[in-house]
Peer 1: 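This is the structure, below, for whatever I ask next.
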Amino acid sequence: MKILIIGSGGREHALAWKLSQSTTVDAIYVAPGNGGTQSGIPKVTNVAINAEDFQQMVNFAVTSNIDLVVPGPEVPLVAGIESHFRKGPLTLMLDSVGIPCFGPSKEASRMEGSKSFSKDFMHRHGIPSAEYRNFCLYDEAKQYLDSISHKIVIKASGLAAGKGVIIPETKEEAQTALKEMMVSKEFGSAGTGDEVVIEEFLEGDELSILAFSDGYTIKMLPPAQDHKRIFDGDRGPNTGGMGCYAPTRIASQNTLKLIQDTILQPTIDGMRHEGYPFKGMLFTGLMMTKDGPKVLEYNVRFGDPETQTVLPLLGDDSDLAEILLAAAEGYLDGVKITIREGFAATVVISAGGYPGNYEKNTEIDLRPVSGDTQIFHAGTAIINDKLVTAGGRVIAASAFAETLEKAVEKAYSAVKSITFDGMHYRKDIAHRAFKQKSSVESLTYEGAGVSVDAGNALVEKIKKAVRSTRIPGTDAEIGGFGGVFDMRATKYSDPLLVAGIDGVGTKLKIACATGKHHSVGIDLVAMSVNDLLAQGAEPLFFLDYFSTSKLSLEQAGSFIEGVADGCRQSGCALIGGETAEMPGMYEVGDYDAAGCAVGAVDREHLLPQLGSMQEGDQLVGIQSNGLHSNGYSLVRKIIELQNLQWDDPAPWNSSSTVGDELLIPTRIYVKPVIKIVKQGLVKGLSHITGGGLTENIPRMLPPHLAAEVDVSCWEQSPMFRWLKRAGSLQNDEYARTWNTGIGLVLVVSPGNVGQVISLLAESGERAMAIGKLVQRVGSTGCELKNMAGWKN
């Protein structure tokens, strides 16, 4: 493989160094490169082409048979260099040559090229960030500054070499900085005219995440912490970066998972959905606030000096060339990325005067360094066989070690091998990490991610809903250690207690995706109380269990209010429950739930009455509300394959959305059915859940009898017809996945069919005769007739 790296900084030197270790790489060209890439690295050669001369770059790539292009700096990416090399059917540029390019398109590069664009993107996609306002007119921005009292940050919207961010300490400083940006043009046009972003100042520790992406998959490198200010103690003006270390001590694995799920993946997904998929290195600057990680900015390329710090952490079996090519070609999920155990630190040495005016062409004396230590050149050149300074950030020492302390010590030891007049470097790289380690902080349960106060607040929020379920035998008060029910308040003469427990399943994923949780609370109750009916039991009380990684009062409150609604519909009391907050157990925003119902039935009415069932008894089906709560993993797969979103109009009912249709709650049959059970009109009852008719009806039958069901007796709903057709389901699979329109099946004597259907109709239920009991032959407990009518 032949690789062309575009750029001349320390980042490009580090990329060339790491890529040269790949056995798949034959040659590396760096255009224009620096003094470090000019000599001393096997396979690496400098090419005297300006990083912004796209046509000459393309000509060189073609004549040199380049296999992969890796742009380093942001300027050529924002200017659209990727389109000149773009590979694939979407290529529109006349001079594009079909060479894979590890770097985003011009459209995707707006995430760095325009801070106003990226802030608006974050707002659209709910990605946590600071509150902000964009301004193109100086007078409007000045008036806004006068109207606020909180601390702010002022950012030039366009590219400013990492220095277009001002953090004023006073209102006067803020006004001065604003005028310098918008009137005096301190940063020129900053890439996007006169626009500035004014956002709230976030407090916390900064964190940088570099992540490979192919537009779908994203793979993170260890979190790093940069040092932007020029002087020790984080004082002085901002620079491009004076040092870095990785991994940080402020990001646990749970925190990184949170960042991946709530920031990085939504960013990549959002860009793809908006038509500019991101392929390359997404560099996300974060602030770890008391409210969690928030995005400071996006960069669309390798960071500097983060690259010099994290590349030494790549495992020996991770081939950087293969990773970059996989991301550019769209198969990043097919490559392995491993990380070495240990730490890396980088100390940047700048020219005197940087980030202001500084001298160039100062001779550098460079001596050898020890193993696991590298010297990465940035602003250097070789003139007349002498290494000289050629930029503000001149050179950097990077070191790897088993501990952060040793890595920093080795990096500073390597600094001693570098000498030139006026050289400047910070003496406190990783000082925040050492301070964090030395300070002993009292841990709290909330600090570990569990809020007792939030749990107490939830109890108060739901008390009114719980009280609304009060029935004789219980006061339906919560907050104690256990719920109490007085059986003497019931009218049973010879009662048996019946208990059932169930959940809602992956229907919860749709509730979480749509933010609608009330109906699945009803589902939780319905699944258990309908099971009690199969024993002829009337539910008395219910207990719920709700578990999540981070408790949301709105989410949990809505769900439990739905549980209370289900209890009211079924006539039972909600007498207790458990809410568990378990950080790291679930995806952020997801939850699970389970419920237990306890009911009673007089011994004479206990179902099924196996001894009284006989051949010829009739099957009465009661219509379902829809899917109820089973088969949702298949439903979600079908929706995905049809490229539908939850807020799209439902293909089977354009007046409603896909999400709302699929969240219709399970029908609760207790009150209409329990009446006919107590009248002795029912011999058996089956709740049609997972497994459909064929699996659930036999559960209520004696061994010698089977069910014969005529599926032409009821009409398939538009939803069921669409799902069967869209999923290309065979009849047998369709029948054992969903209820197909029948939620309960009763066994009744032939002479009682009309009375049962009539009583159910009086209660608002639509019921019909759907089959009969027959002698069982073999192992088949339920045979479905006329399935040919179920056409796709």
Side-chain angles (χ1 to χ4, degrees), residues 455 458-504 517-547 556-580 591-607 628-629 665-675 677-678 685 687 689 744:
L458 176 63
V459 171
E460 292 302 317
K461 178 179 176 64
I462 63 176
K463 275 187 174 181
K464 182 178 179 181
V466 173
R467 290 191 191 105
S468 71
T469 70
R470 183 181 299 158
I471 62 172
T474 181
D475 58 10
E477 288 290 339
I478 58 173
F481 289 98
V484 176
F485 190 91
D486 184 359
M487 284 295 295
R488 291 179 300 179
T490 67
K491 298 179 180 179
Y492 294 96
S493 56
D494 184 19
L496 297 172
L497 292 181
V498 181
I501 188 168
D502 213 329
V504 182
H517 309 283
H518 185 94
S519 64
V520 287
I522 298 174
D523 282 309
L524 185 66
V525 178
M527 295 302 289
S528 291
V529 298
N530 286 343
D531 280 351
L532 297 189
L533 274 180
Q535 308 296 145
E538 182 177 15
L540 300 175
F541 57 85
F542 189 83
L543 300 100
D544 70 284
Y545 173 77
F546 180 95
S547 57
S558 176
F559 178 85
I560 296 172
E561 286 169 356
V563 172
D565 190 353
C567 288
R568 290 192 297 271
Q569 291 184 38
S570 57
C572 68
L574 178 56
I575 67 170
E578 168 69 7
T579 301
Y591 61 89
D592 198 6
C596 175
V598 175
V601 56
D602 273 324
R603 193 181 303 270
E604 62 177 315
H605 294 140
L606 181 67
L607 298 179
H628 287 182
S629 296
T666 304
R667 195 167 187 84
I668 295 176
Y669 299 100
V670 172
K671 291 181 179 180
V673 172
I674 203 69
K675 293 178 183 178
V677 170
K678 289 183 176 180
L685 191 154
H687 181 202
T689 58
L744 283 186

Peer 1: In the structure I gave you, are the side-chain heavy atoms of Pro495 and Thr490 within less than 4.5 Å of one another anywhere?
Peer 2: no
Peer 1: Answer whether the closest heavy-atom distance between the side chains of Leu606 and Arg603 falls below 4.5 Å.
Peer 2: no
Peer 1: Which distance, rounded to the nearest 0.5 Å, do you find between the CG of Leu532 and the NE2 of His687?
Peer 2: 10.5 Å
Peer 1: Tell me, do Leu685 and Tyr669 make a side-chain contact under 4.5 Å, heavy atoms counted?
Peer 2: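 Answer no - side chains too far apart.
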Peer 1: What heavy-atom pair brings Pro665 and Ser519 nearest, and what distance separates the two atoms?
Peer 2: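 Answer, listing the atom of Pro665 first, then Ser519: CB-O, 3.7 Å.
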Peer 1: Do the rings of Phe485 and Phe541 sit parallel, tilted or perpendicular, given the 30° and 60° boundaries?
Peer 2: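 Geometry flag for Phe541 against Phe485: tilted rings.
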Peer 1: If you look at every heavy atom in Arg667 and His628, which pair is closest and at what distance?
Peer 2: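 Result for this residue pair: N-NE2, 3.3 Å.
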Peer 1: Looking at Asp602 and Glu604, would you say the former's side chain and the latter's main chain have a donor-acceptor pair under 3.5 Å?
Peer 2: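 Here the side-chain-to-backbone pair does not exist.
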Peer 1: Between Met487 and Leu497, is there a side-chain heavy-atom distance shorter than 4.5 Å?
Peer 2: yes
Peer 1: Roughly how far, to the nearest 0.5 Å, is the OG1 atom of Thr579 from the OH atom of Tyr591?
Peer 2: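 Reported to 0.5 Å precision, the distance equals 12.0 Å.
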Peer 1: Who pairs with Ser528 by side chain to side chain contact (heavy atoms under 4.5 Å, CB included), at least two apart in sequence or on another chain?
Peer 2: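 Residues passing side chain to side chain contact (heavy atoms under 4.5 Å, CB included) with Ser528: Asp502, Phe542, Ala597.
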Peer 1: Hey, could you give me the NE2/CD1 distance between His517 and Ile560, rounded to the nearest 0.5 Å?
Peer 2: 12.0 Å
Peer 1: Please check if the side chain of Thr666 supplies one atom and the backbone of Met527 the other of a donor-acceptor pair under 3.5 Å.
Peer 2: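 Judged by distance alone, no pair lies under 3.5 Å.
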Peer 1: For a quick test of reading the model, state the closest non-hydrogen atom pair linking Arg568 to Ala465 and the distance between them.
Peer 2: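 Nearest pair, atom of Arg568 first, then Ala465: NH1-O, 3.9 Å.
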Peer 1: Heavy atoms only: give me the nearest Val670-Ser570 pair and the separation to one decimal.
Peer 2: CG1-O, 3.5 Å
Peer 1: Can you tell me which residue among Leu744, Ile668, Asn530 is in a side-chain contact (heavy atoms from CB on, under 4.5 Å) with Val673?
Peer 2: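 Answer after filtering Leu744, Ile668, Asn530: Leu744.
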Peer 1: Got Gln535 and Val601 here, is their nearest side-chain heavy-atom distance under 4.5 Å?
Peer 2: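 No. Closest side-chain heavy atoms not under 4.5 Å.
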Peer 1: Determine which pairs satisfy salt bridge (charged side-chain N to carboxylate O under 4.0 Å, His left out) with at least one residue from residues 520-546, sequence neighbours left out, and list them in order.
Peer 2: Lys507-Asp523, Glu538-Lys678
Peer 1: Is the backbone of Val484 close enough, under 3.5 Å, to the side chain of Thr474 for a donor and an acceptor to pair up by distance?
Peer 2: yes
Peer 1: Say you draw a straight line from CG of Asp565 to CD1 of Ile522; how long is it, rounded to the nearest 0.5 Å?
Peer 2: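 The CD1 atom of Ile522 is 4.0 Å from CG of Asp565, to the nearest 0.5 Å.
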Peer 1: So how far is it from Cys567 SG to Leu540 CG, rounded to the nearest 0.5 Å?
Peer 2: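 Reported to 0.5 Å precision, the distance equals 11.5 Å.
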